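Below is one structure, written out as structure tokens, with a few remarks after it.
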2 protein chains.
Amino acid sequence: MKISSTIEWAIHCCSLLAGLPPEVNLTGKDLAEYHGVPHPYLAKALQTLSSDGILMTVSGPRGGYKLAKKPSKVSLLDIVLSIEGSDSCFDCDEIRQKGPGALERSASYKKPCLIASAMWKAEKVWRDELDKVKLSDLLEKVKTEVDPRQLKKGADWIAQRTQSKK
Amino acid sequence: MKISSTIEWAIHCCSLLAGLPPEVNLTGKDLAEYHGVPHPYLAKALQTLSSDGILMTVSGPRGGYKLAKKPSKVSLLDIVLSIEGSDSCFDCDEIRQKGPGALERSASYKKPCLIASAMWKAEKVWRDELDKVKLSDLLEKVKTEVDPRQLKKGADWIAQRTQSKK
DNA sequence: CCAATTGCAGATAAATTTTATCCATGATAG
DNA sequence: CTATCATGGATAAAATTTATCTGCAATTGG
Ligand code: FES
Ligand code: FES
């Protein structure tokens, strides 16, 4: 029941991009360096986000990634499902139909198993909670809760990166 | 983000045991056969449940497992955490402290990262939801929602098993 | 006491998934 | 035309999950 660490990378990348002006984009390499993670592997995640319509891609020199939608239209759930896939994390093998207590096939297994239902319900509240949090909400909070020196340092690095490529 | 299938086995075993009279116990082999799963591997899960105080163990001939607490005192969360371990499923590598945007160590990273907070919050609602569901709740619902023929077939098999060992 | 039954702990092996890298290709700004 | 950048596929290393085996301790019933 582990969530892969690329999720952390992906969300950080998206929320960084969400804070940039619309005309700016960052390359996969920039994003990797900024977060101190291996570029080739992060690239995979960025490609996935892009093919799922969360990021936009600009190819060619001075290309890179930017957010494909408004920050208020992208939730943490969108990012998580894009990277991890949207399959349920609990998957019922219908073991109730396997042992000696089982009835003939086609019999009365119309309703899902009570246990599976409970697990899925819990997963639903998890997803709902993540869907409530949009990138725009994070941006709001960042303004008030993060050390301004840190924000400046990050912004400077990005400015320098985007400048030096002109 | 997959939940291992032994969870399904473990919950089914516990809820089966929860429905039995207090003096009855089932061996690991019985439980494996009943659910059609490999005995040696299921045994591992049963051992874990037992060392976490969810199941009780009776050794020696006519020994086996029974529930260690009242069904109303065991939640799905208890079982899940016992098998999967109680670590958070999202684990934050503090990548915010790694890139060029990071400040000197010891600086202002007292509050957890906003992203990690959001992920943990979602995990909390998931756990809370699972903790609401007790084995006794499942037993209640089983009575009204499961095909009586199925219940009888299972009960007969168990009765035969526990008889033949006398 | 003895012998059979059962759970327990640890080592180990197979299978699968996650993590990571590389390269050939195509697009594009300058 | 050329250097930059994303893409998709292939591949490899590492970690985790799944599964099995073995020897040991506890207990019961005779
Ligand atoms: S049969 Fe899959 S959870 Fe019950
Ligand atoms: S640093 Fe780990 S989630 Fe932000």
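Hydrogens, waters and symmetry mates play no part in the numbers below; they use all other heavy atoms, side chains included. Quantities reported herein were computed from a predicted structural model and do not represent experimental measurements. Residue numbers start from 1 in every chain, and the chains themselves are labelled A, B, ... in the order their sequence lines are given, proteins ahead of strands.
Residue whose closest nucleotide on DNA chain D sits further toward the 5' end, between A:G64 and B:W9: A:G64. Summary of the strand contacts: A:K2 and A:P61 both lie near DNA chain D, and taking for each the nucleotide with the nearest heavy atom, the more 5' one is attributed to A:P61.
Counting to the nearest Å, the C1' atom of C:dT18 and the CG atom of B:D91 are 14 Å from each other. Rounded to an integer number of Å, the gap from CD1 of B:I54 to P of C:dG7 is 17 Å. In this structure, A:K29 atom NZ and C:dC22 atom P are separated by 13 Å, rounded to whole Å. Taking atom OH of residue B:Y41 and atom C1' of nucleotide C:dT12, one finds them 14 Å apart after rounding to whole Å. When rounded to the nearest whole Å, the span between CD1 of B:I83 and P of D:dT18 equals 11 Å. One can place CG of A:L42 at 16 Å from C1' of C:dC22, the figure rounded to the nearest angstrom. Here the C1' atom of nucleotide C:dT17 and the CD1 atom of A:I3 are 16 Å apart, to the nearest Å. Between the CG atom of A:D30 and the C1' atom of D:dC5 there is a distance of 11 Å, rounded to whole Å.
Remark: B:Y65 is in phosphate contact with C:dC8, judged by side-chain N or O atoms under 4.0 Å from OP1 or OP2. The side chain of A:T57 places an N or O atom within less than 4.0 Å of a non-bridging phosphate oxygen (OP1 or OP2) of D:dT7. Dashed line: the shortest gap from a side-chain N or O of A:T27 to OP1 or OP2 of D:dT4 is not under 4.0 Å. For A:S59 and C:dA29, the shortest distance from a side-chain N or O to OP1 or OP2 is not below 4.0 Å.
Among the heavy atoms of the strands lying under 4.0 Å from A:P40 is at least one base atom, whether or not backbone atoms are also near. Within the nucleic acid shown, A:S50 comes within 4.0 Å of sugar-phosphate atoms alone, with no base atom in reach, counting heavy atoms only. Within the nucleic acid shown, A:S51 has no heavy atom closer than 4.0 Å to any nucleic acid atom.
Judged by distance alone, with hydrogens and angles left aside, B:K44 brings no side-chain donor or acceptor close enough to the base of C:dG7 to form a pair under 3.5 Å.
Applying the salt bridge (Lys or Arg N to Asp or Glu O under 4.0 Å) criterion to B:K121, with sequence neighbours excluded, gives A:E129.
A salt bridge links A:E123 to A:R127: one of the charged nitrogens lies within less than 4.0 Å of a carboxylate oxygen. In this structure, B:D137 does not pair ionically with B:K141, as no charged nitrogen and carboxylate oxygen lie closer than 4.0 Å.
B:V125 shares a hydrophobic cluster with A:V125; the chain of contacts runs through ILVMFWY side chains whose heavy atoms sit under 4.5 Å apart.
Looking at A:D78 and A:S75, their side chains come closer than 4.5 Å, going by heavy atoms from C-beta outward.
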